[in-house]
Amino acid sequence: MRLGEPGTPMTLGDSANVFRTNIEQIYGDFPSKDGCPLAEGALDDLASGTMFIGLQRYFNSYSSPYKLCFGPKSFLVVSDPVQAKHILLDANVNYDKGILAEILEEVMGQGLIPASPELWKVRRKQIVPGFHKAWLEHMVGVFNYCNTPLVEKLEEMADKGERVDMEEKFCSVALDIIGKSVFNYDFGSVTKESPVIKAVYSALVETEHRSMTPAPYWKIPGANFVVPRLRKFQSNLKTLDDTLNELIGIAKDTRQVEDIEELENRDYANVKDPSLLRFLVDMRGADIDNKQLRDDLMTMLIAGHETTAAVLTWALFELKRNPEEMKKVRDEIDEVIGDKMPDYADIKKMLRVRLVIAETLRMYPEPPLLIRRCRTEDELPQGHKDNSKGTVIRGMDMFLSVYNIHRSPRYWLEPDKFDPERFLRRFENPDVEGWKGFDPARWEGRLYPNEGAADFAYLPFGGGARKCVGDEFALLEATCTLAIILRRFDFDFDGEESAEKGGKYDDHPQGLDHPVGMRTGATIHTRKGLWMKVKKREL
Ligand code: HEM
């Protein structure tokens with residue numbers, strides 16, 4: 001393998017090369033070797049937890065890609081579907097997860113998200129079959145099981161006239177769902193607190209903190225013993241590791257080896273433990289060590305619960321602001337499920353609820369940015385006519401702004417409008433060279449309008465090889481939970497509580513006053529909560 005080809009490790013020379021290009025660009029003649037405009041101006045909101053908003057402002061001025069420099073560090077920001085498709089699909093071997101992998105390493109180890117491309121290839125092949133159709137169908141029962149305590153809790157709160165933070169409640173139910181489905185563990189977090197639940201949130205908060213901290217002080221030898229927050233984090237991580245290792249031990253002790261085909265044809269109605277962990281342990285030929293299983297479980301625990309909780313929170317938020325849409329959604333729920341809990345076939349029938357989830361993911365993608373690092377020199381395609389045609393140099397860190405793509409009038413009609421029916425209409429733009437536009441025919445028969453239907457202008461679950469493995473699971477879970485809650489309860493924004501918490505629910509321009517903090521990288525979540533008054537719905 002020649003130096004500079006994908007797969008060879010980044011060297012100090014690569015970083016120096018990136019730095020030199022930045023210096024040349026800042027102090028020399030523009031454009032530099034990579035040919036991208038350099039974004040200049042106030043960087044305040046880049047540090048305030050709403051980085052994606054600042055990146056959108058620069059996108060409006062500099063198109064895609066543009067470059068941001070912070071001293072020796074720089075990022076190329078890409079906001080075009082043709083360029084995104086190139087990075088995620090056509091030339092994906094030229095890119096890896098870069099700083100994201102470095103940040104997540106201690107929590108997720110070598111799980112799928114931070115895994116090196118070489119290890120990822122092996123693990124992805126073993127994990128994807130776990131999400132097969134029969135399992136997903138069975139999981140709808142798990143969603144109902146976990147939603148039952150939430151319904152009871154909300155009924156109790158409604159009877160007492162208590163205010164409820166729906167973001168917190170959605171986080172709890174999503175945690176219970178991921179625990180039960182991925183490793184057959186009952187967190188029971190809707191109804192109680194426990195050291196293990198605290199440990200999960202501590203891992204999330206620490207990951208968030210790390211992705212916003214420029215100097216990785218936690219890597220300094222001995223820091224884990226000296227810095228109080230790191231000591232606490234290490235102790236929480238141990239609590240979580242002990243729980244996961246115990247569950248892995250139980251699954252391994254009762255291992256029943258089967259071929260993938262046999263596993264996929266299991267009669268789930270009669271399986272005692274239908275969890276994904278069981279599937280991974282029982283798979284013939286996949287003798288995975290405990291550390292790898294721990295990393296995979298941890299990755300899914302972290303990737304698969306706040307993301308879904310956020311989409312549920314934003315969906316409720318938008319439906320409250322759009323009463324006509326709320327009525328249409330409720331009419332569908334009343335007709336399809338009434339008072340029963342939904343099954344897989346019902347979810348397929350509830351097109352409007354699924355469109356609401358899809359539209360929420362368009363307006364509030366979690367994460368709003370995908371992070372990559374270029375592993376070899378690469379040419380980006382032109383895309384929109386106003387774009388610069390950039391050369392990406394080896395070692396360059398990149399933000400692929402899903403938020404910018406989802407909110408741009410280049411790719412969506414009235415992008416700031418909550419309009420679930422947009423996914424039933426065609427949209428094209430001849431100014432974007434090589435972009436096929438959005439075509440509803442391309443998602444027929446699927447659960448949601450995926451990246452193929454929008455030719456990479458819709459990327460809530462990413463796209464290409466590193467696309468989310470839990471996309472359908474999440475879609476089913478969110479549809480199921482939203483339907484159950486909207487059938488039974490009415491909500492009103494709680495202005496008093498929202499003002500106290502810093503949220504501003506009635507006036508929400510471009511996401512600046514977020515009731516739920518949005519992620520700046522893959523992990524950020526600054527909670528303000530979504531405080532509501534809850535009533536039992538009168539039918
Ligand atoms: C609404 C919910 C969810 C959203 C919005 C979401 C979003 C994403 C995105 C954007 C990526 C790609 C990241 C990148 O390319 O850098 C991703 C990857 C991933 N997600 Fe999800 N996700 C969700 C739910 C889930 C669930 C429920 C699970 C597991 C049960 C899960 C597991 C994963 C894993 C393992 C990866 C890494 C895939 C790989 O690199 O091969 N996600 N997710």
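Counting starts at 1 for both ligands and their atoms, in listed order.
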Which one holds for [X] and ligand 1: side chain close, backbone close, both close, or neither close, with close meaning a heavy atom under 4.0 Å?
X: Ala115; answer: neither
X: His305; answer: neither
X: Ile178; answer: side chain
X: Arg466; answer: both

Worksheet item: Are Arg362 and Phe418 in a cation-pi setup, meaning NZ or CZ lies under 6.0 angstrom from the ring centre and within 45 degrees of the ring axis?
Response: no
Practice prompt. Output every pair passing salt bridge (charged side-chain N to carboxylate O under 4.0 Å, His left out) with a member in residues 469-485, not counting sequence neighbours, ordered by first then second residue.
Written response: Lys467-Asp471
Atom indices of ligand 1, in the order listed, that fall short of 4.0 Å to a heavy atom of [X]:
X: Thr308; value: 1 (C), 2 (C)
X: Pro367; value: 10 (C)
X: Arg372; value: 14 (C), 15 (O), 16 (O)
X: Pro460; value: 5 (C), 7 (C), 10 (C)

Worksheet item: Is the number of heavy atoms from other residues, nucleotides or ligands within 6.0 Å of NZ (Lys291) greater than 12?
Response: yes
Worksheet item: Which residue owns the protein heavy atom closest to atom 36 (C) of ligand 1, what's the atom, and how far is it?
Response: Ile113 CG1, 3.6 Å
Close side-chain approach of [X] and [Y], heavy atoms under 4.5 Å:
X: Glu206; Y: Val107; result: no
X: Ser401; Y: Phe59; result: no
X: Ile347; Y: Cys480; result: yes

Worksheet entry | Pair Arg352 + Glu325: basic N to acidic O under 4.0 Å | yes
Item to complete: Take the angle between the ring planes of Tyr201 and His305 and call it parallel below 30°, perpendicular above 60°, tilted in between.
Response: perpendicular
Worksheet item: Is a side-chain N or O of Trp443 found less than 3.5 angstrom from the main chain of Leu424, in a donor-acceptor match?
Response: no
Worksheet item: Between Phe143 and Tyr344, does the ring centroid distance fall short of 6.0 Å?
Response: no
Worksheet item: For atom 21 (Fe) of ligand 1, which protein N/O/S atoms are closer than 2.8 Å?
Response: Cys468 SG
